[in-house]
Amino acid sequence: MNNHLSDRITNMSTSATLAMAAKARELRNSGKDIIGLSLGEPDFNIPDFIKEAAKQAIDDNYSSYSPVDGYADLKQAVANKFKRDNNLTYGLNQIVVSTGAKQSLANIAMCMINKGDEVILPAPYWVSYSDIVKLAEGTPVEVPTSIDTDFKMTPQQLEAAITPKTKMMWFSSPCNPSGSVYNKEELEGLAEVLKKYPNIYVVSDEIYEHINFRGGHVSIAGIDGMYDRTITVNGVSKAFAMTGWRIGYIGGPEFIAKACTKFQGQNTSGANSIAQRATIAALDAPVSKIQFMIDEFHKRRDLVLELLSEIEGFNVNVPEGAFYVFPDISSFFGKTIKGTTINNASDFSLYLLENANVATVTGEAFGNANCIRISYAASEKELREAMARIKAIL
Ligand code: PMP
Ligand code: GLU
């Protein structure tokens, strides 16, 4: 059957995060006691004030197509949020609301990338970046980083990766999967290099901005010289536990916003109307309303780091944001544990799933073959049990 499908879809990898989550779900349905630490999804309920706004929107009959780029008052709430949290000034004509940040990224790729254009991805990068770039016929250029630099790309590495074909650089801070957070000086260092290459655009994925344990999130669009060449991507999935409601948005140069609106007009006609109305309530609320989630993630990060430090062979950085740890487990490569030889991170992740009933994701999917990703968006009880099981089988 496959030969009837396009090369485009045949050559695309399945999202490793979603595939692992599906596998864990399937095993759980078959009666196995699986602890799912594979999916980056807050385990909190959506705050009541956001649910109320959605219910109100249904009663107020927000049931027609919205403007393709989002309701004007939602775009105003996005503009206010950018100003309040990031000190970025975006007019409504620079903002596009989409069906999740994932669609925002896909829109950007389809609107900015021509065949053969190179897109620099500091690795590890979020799993979908490289396939989204490839779908747009771009060429992902991975810049490997390691635990020694806290998984951050240095200005020298950026400069070395730039060629005449470089069109964009995509990164997330706080980073999925490493949890690393670029500070102002580090972003200024990257901006200094980019100054020499005025045609390179930056996608700054800031979906974890509030889940930042050090505080003081910095947007690269606010660094000198970067505003006109940065597309800032964000959404409500992570900060407000609204993953299933599928709302993301961008702020960026007007011509890019216009192109994304045109593209989305031929694809989705815009995001879900009820979820858009609820997002106004979410974005208008002060960050203090979601601080309890951030505090909880902070506690869990400390717990997971402590428990992992008791397991020999895990080399872990201290993630300053998001809700992942990304341990280097390459010390296990070449070893045979209870009859299973571990040759790579995929073998290791599979070994944990089959023997400890703990779902994680291989680092290969994120462009780093020495690591696995563990999401700690799970209860303290589950995290303690998962780490105990992993320790026992290793
Ligand atoms: N960017 C990053 C770094 C992510 O981890 C995710 C996770 N879903 C997304 C974008 C996409 O988010 P969503 O489509 O749910 O808004
Ligand atoms: N972003 C989350 C993750 O990395 C959700 C899954 C996905 O959208 O791929 O696990």
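Keep in mind it's a predicted model, so treat the numbers as computed, not measured. Counting starts at 1 for both ligands and their atoms, in listed order.
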* To do: Just jot down the ligand 1 atoms closer than 4.0 angstrom to any heavy atom of Asn176, in number order.
  => 3 (C), 4 (C), 5 (O)
* **ligand 2-proximal atoms of Leu39, by part, heavy-atom distance under 4.0 Å** => both
* Asked: So which heavy atom in the protein is nearest atom 9 (O) of ligand 2, and how far is it from that ligand atom?
  -> Thr17 OG1, 2.7 Å
* Compare Ala377, Gly100, Gly40 and give the one whose heavy atom is closest to atom 5 (C) of ligand 2. => Gly40
* **Donor-acceptor contact below 3.5 Å, side chain Thr145 vs main chain Ala123** => yes
* To do: Among all protein heavy atoms, pick the one closest to atom 12 (O) of ligand 1 and tell me residue, atom and distance.
  => Ile207 CD1, 3.5 Å
* What protein heavy atom is closest to atom 6 (C) of ligand 1, reported as residue, atom name and distance in Å? -> Trp126 CZ2, 3.5 Å
* Atoms in ligand 2 flagged as close to Trp126, the criterion being non-hydrogen separation under 4.0 Å -> 1 (N), 3 (C), 4 (O), 7 (C), 8 (O), 9 (O)
* To do: Over all heavy atoms of both residues, which pair between Ala257 and Val96 is shortest? Give the atoms and the distance, please.
  => O-CG2, 3.3 Å
* Asked: Hey, is Asp33 close enough to Arg389 for a salt bridge, meaning N to O under 4.0 Å?
  -> yes
* Salt-bridge test for Lys381 and Glu385: reply yes if a basic N is under 4.0 Å from a carboxylate O, no otherwise. => no
* Asked: Asp205 heavy atoms, cut-off 4.0 Å: which ligand 1 atoms fall inside?
  -> 1 (N), 2 (C), 3 (C), 10 (C)
* To do: Of all the heavy-atom pairs spanning His217 and Ser219, show the shortest one and how long it is.
  => NE2-OG, 3.7 Å
* Of the backbone atoms (N, CA, C, O) and the side-chain heavy atoms from C-beta on, which set of Glu41 has a member under 4.0 Å from an atom of ligand 2: side chain, backbone, both, or neither? -> neither
* **Gly100 neighbourhood, listing ligand 1 atoms whose heavy-atom distance to it stays under 4.0 Å** => 14 (O), 16 (O)
* **contact_flag Glu41 ligand 1 heavy-atom lt 4.0 Å** => no
* Could you say whether the N/O atoms of Asn176 and ligand 2 ever approach to under 3.5 Å? => yes
* Mode of Met20 contact toward ligand 2 - side chain, backbone, both, neither (heavy atoms, under 4.0 Å) -> neither
* To do: Taking the six-membered ring for Trp and the full ring for Phe, Tyr or His, determine whether the centres of Phe332 and Tyr351 are under 6.0 Å apart.
  => no
* Structure fact -> atom 1 (N) of ligand 2 has as its nearest protein heavy atom Lys238 NZ, 3.1 Å
* Asked: Quick one: does Arg246 get an N or O within less than 3.5 Å of an N or O on ligand 1?
  -> yes
* Which residue, Phe82, Tyr90, Tyr201, forms the ring-ring contact (aromatic ring centres under 6.0 Å, His included) with Tyr227? -> Tyr90
* Structure fact -> Exactly one candidate in Tyr182, Trp126, Tyr125, Tyr129 meets ring-ring contact (aromatic ring centres under 6.0 Å, His included) with Phe171; the answer is Tyr182
* Which atoms of ligand 1 have any heavy atom of Ser237 under 4.0 Å away? -> 13 (P), 15 (O), 16 (O)
* **Electrostatic pair Arg300-Glu380, nearest N-O below 4.0 angstrom** => no
* Asked: Do you know which of Lys81, Arg214, Arg84, Lys238 makes salt bridge (Lys or Arg N to Asp or Glu O under 4.0 Å) with Glu209?
  -> Lys81
* Asked: Should you measure from each heavy atom of Ser15, which atoms of ligand 2 turn up under 4.0 Å away?
  -> 9 (O)
* To do: For residues Leu88 and Gly222, report the shortest heavy-atom separation together with the two atoms involved.
  => CD2-N, 3.6 Å
* **Ser128 to ligand 2, any heavy atom closer than 4.0 Å** => no
* Using modelled atom types only, decide if a donor and an acceptor are shared between the side chain of Ser98 and the backbone of Gly100 within a distance under 3.5 Å. => no
* Ring centroid separation for Phe326 and Phe151, is it under 6.0 angstrom? -> yes
* **Per-atom contacts, ligand 1 versus Lys102 - under 4.0 Å to a heavy atom** => 11 (C), 13 (P), 14 (O)
* Would you please determine whether Ala101 falls within less than 4.0 Å of ligand 1 on a heavy-atom basis? => yes
* Asked: Of all the non-hydrogen atoms in the protein, which one sits nearest to atom 7 (C) of ligand 1, and at what distance?
  -> Lys238 NZ, 2.8 Å
* Asked: At their closest point, which heavy atom of Gly313 faces which heavy atom of Ser331, and how far apart are they?
  -> O-OG, 2.9 Å
* Asked: Where on Leu18 is there a heavy atom closer than 4.0 Å to ligand 2, on the side chain, on the backbone, on both, or on neither?
  -> side chain
* Ligand-residue contact atoms, ligand 1 with Tyr208, heavy atoms, under 4.0 Å -> 3 (C), 4 (C), 5 (O)
* Gln103 near ligand 1, heavy-atom distance under 4.0 Å? -> no
* Structure fact -> atom 8 (O) of ligand 2: closest protein heavy atom, distance to 0.1 Å, is Lys102 NZ, 3.1 Å
* **Polar side-chain atom of Arg229 near backbone of Leu194 as donor-acceptor pair, under 3.5 Å** => yes
